[in-house]
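Below you'll find the structure, written out as structure tokens, and then a few comments.
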2 protein chains.
Amino acid sequence: MSLRGAILGFLSVEPTSGYTLKQRFDGSVRSFWSVTQSQIYRELHALEREGLVEARTEPGDGKPDRKVYSLTEAGRAALKRWIEEPLEPLVLRHPLLLKLVFAADAPPKKLDEILARYAADTESQRAEYEARLVDPRIFELARSTREREIWRLSIEHGIAWCDTELRWIERARGELSSERAGQKRASRKAK
Amino acid sequence: MSLRGAILGFLSVEPTSGYTLKQRFDGSVRSFWSVTQSQIYRELHALEREGLVEARTEPGDGKPDRKVYSLTEAGRAALKRWIEEPLEPLVLRHPLLLKLVFAADAPPKKLDEILARYAADTESQRAEYEARLVDPRIFELARSTREREIWRLSIEHGIAWCDTELRWIERARGELSSERAGQKRASRKAK
DNA sequence: GAATTCATGTAACTTGTTACATGATTTA
DNA sequence: TAAATCATGTAACAAGTTACATGAATTC
């Protein structure tokens, strides 16, 4: 339902082709909603079958023809319904945490290595967000000040998430590297 | 691959049935890795076909028989491989952010309502984590101080995530409620 | 000359969700 | 007596991933 909503959302800004739609996703919401090209084409076909979008073929000069999709009245209504309908619950799937809890008896070095690599990845993710924050291209799509404001907030959300991850990793590495720490903390449980 | 790894991980602690496995998931990693009962049975069957686990049927008195699965040598090796293999990348799917970026021209009241509801959900999520932190049942599974340490860290991760969400929501609500804020921030872009 | 971009799509697969079915036992 | 718990499973579906195929135009 979220994918569908997002496609309708993008099309409400401007009619576009599947190909361009994929670029829109990648260029804006990728960090909190990634999609593959197959998903987009599949969903567009479904939306067309259901009459929520309609396509018209634009001849490409030299380039292949593009099928430009636009919202129908029904599509516009569906978008509105999607915005108003209750939020789908957030489901975190965090492979690091999962692996960590089963890697307790792996050599501490291995554990620290996993954490270090994740920290590095998170660091570079953070840098990407920072770069985005000053990249005007993301804000080009925005049709209003309010929309720009929201785009910016979404990027700041990413940065805040990275910072939290980094702080947590640091703590985890500290506590898991000192053999004492475990003992000390575990005694809390006894009281 | 993560689901598989986690099942192998749980079975390495102690042979169990699919039913109990589901309870293990729900009782410990649910907040960062949720599963359905169907997934577990399906994966167990696949693991059995591949010879990574083996089942023996324990008669239940009155209750239905339980099929208790345990790791084979191959299964134990597969678990080790999973721990050592590179981490699957974290993929955030954040329905709130997605909806927000397409709800910019919905009435501000609606927007604030969405954020408020999400804040409430996050608040109660946070409370759940806090409760878990002092619930000895989660730590019962742990076979070592180190394991307990990691369980605790995973819960603290959840709390940190909730706090970050809550801070962000507060900021977002503040900035989206005052019409001025948009203007002020947007001017940054100009420089 | 090789790789990338534009633009469409399909097929096969994996993962995750929802809903159903069985049937005894225990609890409210 | 209705419901929840124990314990298994299947079927159908929805969503997401990977890999392939076409073919002209442009860029390296």
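Letters A, B, ... are given to chains in the order of the sequence lines, protein chains preceding strands, and every chain is numbered from 1. All heavy atoms count here, side chains included; hydrogens, waters and symmetry mates do not. Only a predicted model underlies this, so the values are computations on that prediction, with no experimental measurement involved.
- Inter-axis angle, ends of the helix from C/dG1-D/dC28 to C/dA28-D/dT1, five pairs per end, rounded to 10 degrees: 40°.
- The local environment of CD in A/Glu170 is sparse, with at most 12 non-hydrogen atoms from other residues, nucleotides or ligands closer than 6.0 Å.
- If you walk DNA chain D from 5' to 3' and mark each nucleotide with an atom closer than 4.0 Å to a heavy atom of chain A, the marks span D/dA15 to D/dA25.
- Within residues 89-103 of chain B, the residues approached by DNA chain D to less than 4.0 Å at the level of any non-hydrogen atom are B/Arg93, in residue-number order.
- Rounding to the nearest 0.5 Å gives a distance of 9.5 Å between CG of A/Leu133 and OG of A/Ser154.
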Would B/Lys22 and B/Asp26 satisfy salt bridge (charged side-chain N to carboxylate O under 4.0 Å, His left out), going step by step from the backbone distance to the final call?
CA-CA 6 Å; B/Lys22 163 72 169 146; B/Asp26 287 347; 3.1 Å; yes

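- Between the CD atom in A/Glu175 and the CG atom in B/Leu153 there is a gap of 5.0 Å [rounded to 0.5 Å].
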Using a cut-off of 4.0 Å between protein heavy atoms and nucleotide atoms, how would you tag nucleotides 23-28 of chain C 5' to 3' with B, S and -?
B-S---

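- Atom CG of A/Leu21 is separated from atom CD1 of A/Ile40 by 5.0 Å, given to the nearest 0.5 angstrom.
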Listed pairs under 3.5 Å, donor-acceptor, residues 108-121 of chain B side chains, sequence neighbours left out:
{"from": "B/Asp112", "atom 1": "OD1", "to": "B/Arg173", "atom 2": "NE", "distance (Å)": "3.0"}
{"from": "B/Asp112", "atom 1": "OD2", "to": "B/Arg173", "atom 2": "NH2", "distance (Å)": "3.0"}
{"from": "B/Tyr118", "atom 1": "OH", "to": "B/His94", "atom 2": "NE2", "distance (Å)": "3.4"}
{"from": "B/Tyr118", "atom 1": "OH", "to": "B/Glu165", "atom 2": "OE1", "distance (Å)": "2.5"}

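- Proximity of residues 14-33 of chain B to DNA chain D (heavy atom under 4.0 angstrom from any strand atom) is restricted to B/Ser17, B/Gly18, B/Tyr19, B/Gln23.
- By the side-chain contact (heavy atoms from CB on, under 4.5 Å) test, A/Asp105 pairs with no residue at all, sequence neighbours left out.
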Show, in sequence, the C-alpha distance, side-chain angles and deciding distance for A/Glu14 and A/Arg24, and conclude whether the salt bridge (charged side-chain N to carboxylate O under 4.0 Å, His left out) test is met.
CA-CA 11 Å; A/Glu14 177 182 32; A/Arg24 294 262 188 277; 2.9 Å; yes

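- Here B/Gln125 pairs with B/Glu128, B/Tyr129, B/Cys162 under the side-chain contact (heavy atoms from CB on, under 4.5 Å) rule; sequence neighbours left out.
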Side-chain donor-acceptor contacts of residues 76-93 of chain A below 3.5 Å, not counting sequence neighbours, with atom names and distances?
{"from": "A/Glu88", "atom 1": "OE2", "to": "A/Ser2", "atom 2": "OG", "distance (Å)": "3.0"}
{"from": "A/Arg93", "atom 1": "NH1", "to": "B/Ser34", "atom 2": "O", "distance (Å)": "2.9"}

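- Annotation for B/Tyr19: hydrophobic cluster partners, listed by chain and number, are B/Tyr41 (ILVMFWY side-chain heavy atoms under 4.5 Å, direct or chained).
- Taken from CG in B/Leu47 to CZ in B/Arg4, the straight-line distance is 4.5 Å, to the nearest 0.5 Å.
- Here the CD atom belonging to B/Glu73 is positioned 10.0 Å from the CD atom belonging to B/Glu54, to the nearest 0.5 angstrom.
- Of the residues in residues 36-52 of chain B, those with a non-hydrogen atom less than 4.0 angstrom from any atom of DNA chain C are B/Thr36, B/Ser38, B/Gln39, B/Arg42.
- Using a cut-off of 4.0 Å between Lys/Arg side-chain N and Asp/Glu carboxylate O, B/Arg132 and B/Glu130 are scored as not salt-bridged.
- For B/Trp161 and A/Trp168, the distance between ring centers is not under 6.0 angstrom.
- Within the structure, ring pair (Phe, Tyr, Trp, His ring centres under 6.0 Å) pairs that include any residue of residues 54-81 of chain A do not occur (at least two apart or interchain).
- Salt-bridge formation is not detected for the pair B/Glu123/B/Arg126: no Lys NZ or Arg NE/NH1/NH2 atom is positioned less than 4.0 Å from an Asp or Glu carboxylate oxygen.
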